[in-house]
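In this chain, residues are counted from 1 in sequence order.
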Amino acid sequence: MLEKWINPIYLDDTQTSQLRADFEADPVRMLILDDVLLPERYARISQGLRTDCDWTTHYGVDASGELTSAERFNATPADRRLFRHGNYRAPKKGRELAPGMLAIVGFKLLAGRADFRHWLGTLTGIDTGAIADLLVRRMGRDDFSTRHDDRAAERRLCLLLYFNDDWHPGMGGTFRVFTAQGERVIDPLPNRAILFDVDADQSHGVDPLHDVPADWYRYNFTLWFG
């Protein structure tokens with residue numbers, strides 16, 4: 001099944017051994033995989049995110065991170081706002097069986113398979129269990145996520161996967177990682193995956209999106225494995 005979805009260079013034993021060594025040598029135990037999905041799989045999911053999904057906007061303020069209303073968010077001083085982004089709500093009416101939506105569902109099913117989790121283990125050395133959480137998000141103009149970490153008892157490994165066609169650095173929306181050694185800025189390039197150990201010594205956020213058209217969005221999957 002993996003060979004029908006994943007770029008074969010990431011299934012090669014020699015390559016995965018090297019990637020695992022890189023992951024384990026990194027002080028914050030993080031790995032970047034470019035062009036991780038086969039092109040046709042990436043294109044189908046990317047199209048589905050744009051044409052087949054309905055979205056709802058989530059707002060967060062203060063330290064609790066709990067969802068709040070747009071009214072409270074807008075009334076809160078900017079330095080106390082935590083995040084604003086869109087979350088997948090449901091397929092659009094009539095698009096439930098569209099090719100893009102089926103590809104999105106197919107990837108979710110793939111990520112829940114034992115062979116997919118085993119592959120993640122060969123890359124990271126982390127023996128994961130089932131998916132603890134899975135979010136499909138989009139971010140548009142002025143959306144952001146302030147510095148935070150993902151630590152939770154049920155989470156061991158995080159996988160981010162980006163579907164950001166036509167993104168460029170001037171738009172903002174970079175993934176910013178805060179470590180004891182300094183900051184890392186990771187571009188959310190299309191078909192780029194980031195794997196990281198949730199318990200490692202780092203926090204992260206997403207820079208605000210500014211110079212983007214009103215109808216352009218930064219899309220990603222976020223999966224946490226237990």
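The minimum heavy-atom distance linking Leu31 with Leu19 is given by the pair CD1-O, 3.7 Å. Among all heavy-atom pairs drawn from Gly173 and Pro188, the shortest one is O-CG, 3.5 Å. In terms of heavy-atom proximity, Asp201 sits nearest to Arg151 at CA-NH2, 3.9 Å. Residues Cys53 and Gly48 share a closest heavy-atom pair of SG-O, 3.5 Å. Nearest heavy atom pair, residue Pro27 against residue Gln181, reads CB-OE1, 3.8 Å. Here the shortest heavy-atom pairing between Ala152 and Val198 reads N-CG1, 4.5 Å.
A donor-acceptor contact shorter than 3.5 Å links the side chain of Trp167 to the backbone of Gly172. Arg113 places no side-chain N or O within 3.5 Å of a backbone atom of Leu109 that could act as its donor or acceptor partner. Proximity of a side-chain donor or acceptor of Arg117 to a complementary backbone N or O of Gly112 within less than 3.5 Å is detected. Of the possible polar contacts, one joining the Arg81 side chain to the Asn74 backbone as a donor-acceptor pair under 3.5 Å is found. Looking only at distances, no side-chain donor or acceptor of Arg84 sits under 3.5 Å from a matching main-chain atom of Thr57.
Taken to the nearest 0.5 Å, the CG atom of Asp22 stands 14.0 Å off from the CE atom of Met30. To the nearest 0.5 angstrom, Asn220 atom CG is 9.0 Å from Leu135 atom CG. Taken from CD in Glu183 to CD in Gln202, the straight-line distance is 12.5 Å, to the nearest 0.5 Å. Here CG of Leu2 is found 4.5 Å from CG of Asp115. Values are rounded to the nearest 0.5 Å.
A continuous path of Ile, Leu, Val, Met, Phe, Trp and Tyr side chains, each step under 4.5 Å between heavy atoms, connects Val212 with Met139, placing both in one hydrophobic cluster. By the criterion of side-chain heavy atoms lying less than 4.5 angstrom apart, applied directly or through intervening Ile, Leu, Val, Met, Phe, Trp or Tyr residues, Leu161 is grouped together with Trp55 in one hydrophobic cluster. Phe178 and Phe175 fall into different hydrophobic clusters, where Ile, Leu, Val, Met, Phe, Trp and Tyr residues are linked whenever their side-chain heavy atoms come under 4.5 Å apart, directly or through other members. Cluster annotation: Leu120 is connected to Ile9 through the hydrophobic network of ILVMFWY side chains, with a link wherever side-chain heavy atoms come within less than 4.5 Å. In terms of hydrophobic clustering, with Ile, Leu, Val, Met, Phe, Trp and Tyr side chains grouped at heavy-atom distances under 4.5 Å, Phe221 and Leu195 are assigned to a common cluster.
Listed by chain and number, the residues in a ring pair (Phe, Tyr, Trp, His ring centres under 6.0 Å) with Trp5 amount to none (sequence neighbours excluded). Residues meeting the ring pair (Phe, Tyr, Trp, His ring centres under 6.0 Å) test with Tyr10, sequence neighbours left out: none. Judged as a salt bridge (charged side-chain N to carboxylate O under 4.0 Å, His left out), and not counting sequence neighbours, the contacts of Asp133 are Arg155. Taking the ring pair (Phe, Tyr, Trp, His ring centres under 6.0 Å) definition, one finds that His148 meets it with His204, sequence neighbours left out. When the ring pair (Phe, Tyr, Trp, His ring centres under 6.0 Å) test is applied to Phe225, no partner is found at least two apart in sequence or on another chain.
For residues 81-103, every residue pair satisfying the ring pair (Phe, Tyr, Trp, His ring centres under 6.0 Å) rule, not counting sequence neighbours, is listed here: Phe83-His85. Among pairs with a residue in residues 207-222, those fulfilling salt bridge (charged side-chain N to carboxylate O under 4.0 Å, His left out) read Arg176-Asp207, at least two apart in sequence or across chains. Listed by first and then second residue, the salt bridge (charged side-chain N to carboxylate O under 4.0 Å, His left out) pairs involving residues 60-70 are Asp62-Arg72, Asp62-Arg80 (not counting sequence neighbours). Identified under the salt bridge (charged side-chain N to carboxylate O under 4.0 Å, His left out) test for residues 11-21, with sequence neighbours left out: Arg20-Glu24.
Put simply, the side chain of Leu123 reaches to within 4.5 Å of the side chain of Trp119, judged on heavy atoms. Side chains of Val136 and Leu49 form a contact here, defined as non-hydrogen atoms less than 4.5 Å apart. Using a 4.5 Å heavy-atom threshold, the side chains of Asp197 and Phe23 count as touching. Side-chain atoms of Cys158 and Thr222, non-hydrogen and from C-beta on, do get closer than 4.5 Å to each other. Using a 4.5 Å cut-off on side-chain heavy atoms (C-beta onward), Ile45 and Tyr219 make no contact.
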**OP:** Test side chain to side chain contact (heavy atoms under 4.5 Å, CB included) on Arg137 and Asn87 and set out the steps.
**Re:** CA-CA 5 Å; Arg137 286 178 171 160; Asn87 272 37; 3.4 Å; yes
**OP:** Start with the C-alpha distance between Arg29 and Ile126, add both sets of side-chain angles, then the distance that settles side chain to side chain contact (heavy atoms under 4.5 Å, CB included), and finish with yes or no.
**Re:** CA-CA 11 Å; Arg29 293 168 60 80; Ile126 297 176; 3.6 Å; yes
Original post:
Going through the distances and angles, do Trp224 and Asp150 end up as a side-chain hydrogen bond (donor to acceptor under 3.5 Å, both in side chains)?
Top reply: CA-CA 9 Å; Trp224 292 274; Asp150 289 0; 2.9 Å; yes
**OP:** Give the C-alpha distance, both sets of side-chain angles, the deciding distance and a yes or no for side-chain hydrogen bond (donor to acceptor under 3.5 Å, both in side chains) between Thr128 and Arg156.
**Re:** CA-CA 7 Å; Thr128 63; Arg156 298 191 63 200; over 6 Å; no
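Between Phe116 and Phe107, the ring planes lie perpendicular to each other; the angle is over 60°, past the 30° to 60° tilted range.
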Which pairs would a plain distance check flag for residues 33-43, meaning a side-chain donor or acceptor within less than 3.5 Å of a matching protein atom at least two apart in sequence or in another chain?
from, atom 1, to, atom 2, distance (Å)
Asp34, OD1, Arg192, NE, 2.6
Asp34, OD1, Arg192, NH2, 3.3
Asp34, OD2, Arg192, NH2, 3.1
Arg41, NE, Lys4, O, 2.8
Arg41, NH2, Lys4, O, 3.4
Tyr42, OH, Asp165, OD1, 2.5

Expected list for residues 91-104: side-chain donor-acceptor pairs under 3.5 angstrom, two or more places apart:
from, atom 1, to, atom 2, distance (Å)
Arg95, NE, Asp52, OD1, 2.7
Arg95, NH2, Asp52, OD1, 2.8
Glu96, OE1, Gly94, N, 3.0

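Counting heavy-atom neighbours within 6.0 Å of Asp127 CG, excluding the residue itself, gives a total of 12 or less.
Salt-bridge formation is detected for the pair Arg184/Asp26: a Lys NZ or Arg NE/NH1/NH2 atom is positioned less than 4.0 Å from an Asp or Glu carboxylate oxygen.
Under a 4.5 Å side-chain heavy-atom cut-off, the cluster of Ile, Leu, Val, Met, Phe, Trp and Tyr residues that includes Phe73 is completed by Tyr59, Val61, Phe144.
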